Amino acid sequence: MFKNIKDRIMNKKRNENINENITENITEHEAWELNQSLDKNKALLQTILDNDDMVTFRDFETKGKASLKCFIVCVNGMVNNEMINENIIQPVTNASLDEISKQTKITDAFINKIIVSNSITKTSDVNQLVCSVLYGDTILLIENETEALIIDTKGWGMRGISEPLAERVVRGPREGFTESVMPNLALIRKRISNPDLKFQFKEIGVRTKTKTCLCYINGLVNPKILQELMERLDDINIDGITDSGMIEELIKDAPLSPFATIGNTERPDVVVSKLLEGRIALVCDGTPFVLTLPYLFIEYFQANEDYYNNYIYGSINRLLKGFGFFLSTSVPAVYVALITFHQEMIPTPLILSVFAARQGIPFPTVVEAVIMLIAFEILREGGIRLPGPIGSAIGFVGALIIGQAAVEAKFVSAPMIIIVALTGISNFLVPKMFGPLLVMRLLFLISASFLGLFGYLFGVIGLFIHLMSIRSFGLPYMLHTGDLKMQDIKDTTIRAPWWTMKNRPKLLANEDSNRQFTGNLGKKER
Amino acid sequence: MKKLFLKMIVLILIAANVFMVSGCWNYREIDEMEIILGAAIDYDEKSNKVILTAEYVKRSGGGEGEVGPEVVKTEGENVFDAVRNLVIKTGRKALWSHTKVLIISEDVARRKEQLISIMDWVQRLTETRDDIWILLSKEKTAGEILEMGIEAQKMVSMDLTDLLKNEGSISKFHAVPIWQFIDRIAADGISPTIPTVHKTLTEYKTMSEIFGTGVFNKTKLVGWLNGAETMSYLWVIGKLKGGILVLQGNDSNETGKMSLEIQKNRTKRKVNYSEGEITMQLDIKTTVRIAEIGGEVNYMDESATEKLENDAAELIQKRVDDVITKVQQAYHSDIFGFAGVVERELPDEWEKIKRDWDQVFTDLKTDINVEVEIRESALKSKPIKVGE
Amino acid sequence: MNKEVISDKQGISIIILYMVGTSSIFMTALEAEKDSWLAIIMALFMALIVAFILARIKTLFPEDDLFQIIEKCFGKFLGKGIILLYTGYLFYTGVLVLMNITQFINISSLDETPEIIIRVALMLLCVWIVKEGMEVLGRWSEFFVIPIIGFILIFICLSIPKMNIHHLFPILSVGITPMIHATHFVFAFPLGETVIFTIAISQLSVKKSYYKVYMTGVLIGGIILLVICLTNLLVLGINITSGVYFQTHLTASLIDIGGFLQRIEAVMTVVLILAGFIKLSIYLLATSMGVAKIFGRPDYRFVVTPVALLMINLSVILFDSIMEFMKWDVEIWPYFSLPFQVIFPIIILIIAEAKKKRTKNSIREQTCP
Amino acid sequence: MNTVAVIFLYAIIGSIETVSLYKNNPKKECVLYEIALLTAFIISLLLSAGVELPNPADYIRHMVERLVG
């Protein structure tokens with residue numbers, strides 16, 4: 001980015017020949033340090049920030065005999081105007097520099113005595129100054145000083161903390177992340193008051209310089225995974241990041257797989273519980289979606305509400321979700337396989353009703369299934385972006401047209417409607433898995449239309465080979481799922497009561513695996 | 001990553017390749033087939049041809065959900081030929097996997113080669129299931145049993161299946177799935193039976209009824225048992241699960257008929273062997289309850305109950321003895337499976353008499369012990385009292 | 001070289017799936033008629049002995065697979081010859097397994113689909129999982145062994161109403177010779193093939209647990225086999241059992257609980273496909289490892305696809321019909337496989353023990369002169 | 001038709017596998033792979049053309065029968 005600014009100025013020098021008096025004196029080296037002359041500095045900054053009407057320059061002077069000329073630069077709208085007026089301009093204009101001894105530097109005097117702000121840095125690096133201005137800070141330049149002050153005055157408007165729409169809960173905290181990184185981090189921090197919680201900032205995106213923050217708990221996190229993540233983040237070379245989803249795709253394992261190997265959530269409580277399991281969270285500026293990693297397959301089925309409700313209810317929910325996964329992927333494929341390949345496996349009354357329902361339907365069953373599945377996806381996608389009332393209207397129209405009219409017009413058979421509806425609704429049990437489910441459903445359907453149930457079974461085998469071979473940051477994606485060990489089943493197929501979950505997931509955090517410190521209770525079991 | 005991508009391409013291309021090369025092989029739309037519910041097989045002696053009558057589901061042609069029966073008749077050199085000819089008649093492939101009943105005519109049952117070819121066809125063909133019920137038609141042809149459903153728009157096969165499943169409460173036939181039939185043919189010494197199906201004319205319509213049994217000697221029909229005899233037969237083989245035992249009250253005062261409902265029955269079969277002679281011992285233990293009393297005698301009395309029990313036991317013993325004697329004398333065919341008991345309990349002896357078991361069976365002595373226990377008397381504790 | 005390490009439990013799961021594999025669809029010890037379950041018990045004892053021998057060999061050389069052990073014991077030249085024989089044997093057996101599975105699919109339901117298509121589809125999956133390596137295979141088995149055992153248990157429970165204890169009596173009616181034949185056959189077909197695991201499961205995370213893994217796996221697999229065999233016999237009786245190719249399929253198709261839980265032979269088909277897939281994959285893996293070993297290559301992955309294609313080719317050449325296949329299976333197979341299953345392992349064990357002793361002695365001589 | 005399918009299939013498998021093979025493996029592996037694939041291809045081609053190939057099962061049968069008797 002710095003280079004870009006430099007290049008631009010150089011280009012200007014060559015092409016436009018304006019501001020000659022300034023630029024001609026600037027050597028390559030000096031150009032990026034501030035000058036003694038306030039005017040020159042101002043001109044330099046104005047050149048850099050020209051054609052940007054959001055940027056405001058404001059000159060003023062200190063009081064007293066030896067009044068010093070100063071000016072500040074800030075970007076309108078990104079700063080807190082009140083703060084600038086009261087904490088910078090007012091003290092500076094009221095201050096007299098007479099009593100300040102000659103020994104102290106003027107800039108230090110400004111920092112220590114005049115300006116009221118909790119965050120001031122001084123620098124002579126023009127690049128840094130420009131970047132700070134553009135990120136909502138205010139810079140103060142003082143006559144005859146080669147160092148300028150960067151004062152934190154960030155104050156752009158932002159959305160308040162509200163309940164995340166995508167992950168609603170009946171029981172549980174209703175806070176959700178917002179689009180700004182700092183308040184998000186605060187939401188995490190306030191839940192873990194522990195010095196071991198570490199935040200590390202990183203900037204991603206050559207042009208956007210998006211602030212991202214790595215959060216982890218020292219001592220719980222697996223250093224290897226952290227190291228791996230750092231390396232992958234450093235490898236990113238992209239000019240802009242607009243959402244954490246882009247980072248996810250850039251660093252995830254098995255990039256071509258439809259399955260997510262990095263999780264995302266809008267809920268601080270989810271992030272905190274993942275941090276406590278030894279995972280790493282990646283907060284990205286500009287998006288409420290926080291990434292958590294490593295991400296295992298089972299996490300698709302672990303809703304945060306499971307942990308707050310009664311454990312039996314939570315366990316049933318989890319089993320239901322697993323069942324929903326099965327239904328959503330398999331129902332169309334199994335239906336097609338049974339109806340067109342293995343008619344002997346359907347009870348006679350059922351096959352008679354299907355037989356009657358399919359009279360006069362023009363399409364083969366497979367085509368019918370594919371059409372209906374696509375129609376369902378269209379309705380879903382169409383309804384999702386529309387504002388509430390219209391969205392529900394779409395739902396009605398869809399239900400009426402697809403359900404009633406299509407059957408009556410002998411366009412599709414009634415059982416197929418039931419199948420598609422079942423598929424679609426069970427889809428919502430695992431809401432984060434829409435993409436993978438859609439892909440799997442169609443693949444299973446196609447393979448079932450080749451070889452019937454055997455084709456479907458081959459599809460399942462293939463799916464599991466794929467799932468078993470994926471890793472998320474070194475961890476097997478299907479960790480724990482093949483195990484019937486009590487310790488591992490506790491938080492996978494069922495949700496055991498909290499007082500039995502004494503240990504963290506083992507492979508994740510190897511340093512400190514005790515979750516509960518109730519005397520020897522936890523240790524005894526190990 | 002790249003590998004996976006390539007793998008996907010390979011998969012898709014191979015799938016496409018496969019698809020283009022040969023289409024979908026076993027892919028069959030259900031509405032392009034005829035669902036065969038039942039089949040009846042006759043044999044025409046003159047032309048030496050097999051006649052197959054198949055009941056299948058009628059297409060309603062657009063109506064809502066209504067399904068009715070349709071019957072088609074085909075001829076062929078053998079069963080499989082007739083089955084293939086079905087396609088010509090109906091224009092569509094037949095779906096045999098939902099066939100419930102297979103009715104054979106007497107003509108077929110009396111011919112060994114016909115019967116065997118039918119059994120072989122059923123078991124060899126992937127589609128036909130091995131638990132099809134097999135029935136023997138008492139009418140002239142087997143086909144007419146199925147044909148009578150057209151008039152009433154009732155699926156005869158389904159009705160017959162429902163009836164067959166209620167064997168336990170009727171006990172006038174012994175339902176046999178085809179695999180059991182084949183098993184019995186294959187077993188040494190034992191012969192199979194098939195329940196018989198009849199056509200009865202009531203005032204309103206013709207109906208199908210199942211009672212009685214066709215007795216086979218291995219693969220050849222040799223005789224019949226009627227409904228009551230079949231019940232006794234069930235007693236012998238220990239498959240009796242219910243049914244009514246009607247006793248003629250022989251008390252001095254005016255007693256009507258007594259109905260005893262059989263609740264539980266247990267038949268133990270043993271072989272007694274002494275000095276080269278085999279005696280088959282049957283220990284029958286039946287639990288009944290009083291279902292109907294036609295007179296005024298209170299059988300709740302202990303002595304009366306005991307008497308009733310003894311009467312019932314006697315009756316059962318007589319009936320069982322009768323049926324065994326009938327089968328032994330008239331049919332010489334071990335449909336009771338005594339051979340299996342002998343084989344299990346006296347394997348050495350069995351080896352010797354295996355060859356001429358039919359003869360041994362005919363002369364086999366039986367020792368029948370019956371014990372009847374009256375457990376309850378349904379809702380009533382006393383007979384209906386007739387006031388003075 | 002990629003050392004693929006798997007855990008004990010994964011090892012046991014693989015062996016169980018392998019044992020259940022193709023042998024769950026058709027019964028093998030039918031020569032012993034009503035006593036085939038006794039034959040299975042006897043064969044199980046023999047198989048446990050063989051498993052013990054193989055575990056002993058593996059414990060002597062915990063780092064190596066069977067091929068490396070052979071090379072160490074017989075020297076480079078002779079060793080290569082024996083490896084070649086073994087590879088041929090594995091390749092050939094793999095083809096038989098492939099044919100078994102596809103014939104079952106073909107005969108039981110997809111009668112109009114060309115067998116070659118099913119073979120290609122199945123082999124595709126095998127190539128995939130073998131290329132992913134033993135670790136994925138182990139995890140896969142560990143995951144699927146639970147539903148498979150569950151399905152078998154359900155199948156047995158649902159068959160109970162149709163069982164007839166008389167089908168088993170009289171015990172020991174067939175005499176000794178058929179009994180020995182049947183035992184030999186059961187041993188040769190699924191139970192004695194433990195030797196393949198010294199190639200496939202060559203690295204366990206716990207070094208000393210080969211005894212546990214091999215013997216537990218064989219024992220559980222054998223018991224499942226026995227139980228399936230008993231169920232078939234009890235439900236069908238020997239007359240029908242010996243008359244059809246796929247007994248378990250028939251038994252499952254007879255299940256009818258209250259009219260609604262019926263026609264569930266698909267469940268047993270699922271078991272067959274899942275377990276058979278693992279079995280086939282292990283043969284493919286072992287054969288590929290053998291081929292790589294013969295040419296002195298450290299990694300086997302490059303040769304998996306050609307081996308799979310050759311297997312498909314051979315499966316087309318081998319038998320024209322299931323009748324021929326079954327006949328061959330009964331008449332030739334038990335003798336053909338005997339040297340590989342029993343004779344070679346015993347020889348290897350003797351040589352290995354001798355070698356170990358010598359090295360121990362030489363070490364002792366060096367340390368205390 | 002079968003021949004075309006076989007050629008098509010082998011062409012796909014061969015081309016795709018070879019690319020990743022040559023990238024990741026030493027030369028000897030590649031040569032071995034190509035030889036094995038070619039053998040399989042020739043056999044498949046012959047089979048698809050309907051040529052009767054010798055059946056190894058028969059040889060094994062002879063061998064076993066000679067040994068066991």
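What you are looking at is a predicted structure, and each value in this text was computed from that prediction instead of being measured. Proteins get letters first, then strands, A, B, ... in listed order; numbering begins at 1 in each.
Residues C/Leu124 and A/Phe458 are not in side-chain contact: their nearest non-hydrogen atoms beyond the backbone lie 4.5 Å or more apart.
No part of A/Leu467 comes within reach of chain C, as not one of its non-hydrogen atoms sits under 4.5 angstrom from that chain.
Taking both residues in full, the closest heavy atoms of C/Val136 and A/Ile465 are given as CG1-O, 4.1 Å, listed atom of the first, atom of the second, then distance. Across every non-hydrogen atom of C/Phe143 and A/Met468, the tightest pair is CB-CE, 3.4 Å.
Under the salt bridge (charged side-chain N to carboxylate O under 4.0 Å, His left out) criterion, A/Asp306 pairs with A/Arg318, A/Lys321, sequence neighbours left out.
Per-residue counts of heavy-atom pairs under 4.5 Å with chain A were compared for C/Leu137, C/Val270, C/Val145; the largest is that of C/Val270. Your options are A/Gly452, A/Gly455, A/Pro349, A/Gly462, and the one with the most heavy-atom pairs under 4.5 Å with chain C is A/Gly462.
Checking C/Ile105, C/Leu122, C/Ile101, C/Ile118 one by one against A/Phe454, the side-chain contact (heavy atoms from CB on, under 4.5 Å) holds for a single residue, C/Ile105.
Of all residues spanning residues 271-280 of chain C, those with a heavy atom less than 4.5 Å away from chain A's heavy atoms are C/Ile273, C/Leu274, C/Phe277, arranged by number.
To the nearest 0.5 Å, atom NE2 of residue A/His342 and atom OG1 of residue C/Thr269 are 8.5 Å apart.
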Could you please spell out the steps behind the side chain to side chain contact (heavy atoms under 4.5 Å, CB included) verdict for C/Phe144 and A/Ile461?
-> CA-CA 10 Å; C/Phe144 275 105; A/Ile461 292 175; 5.8 Å; no
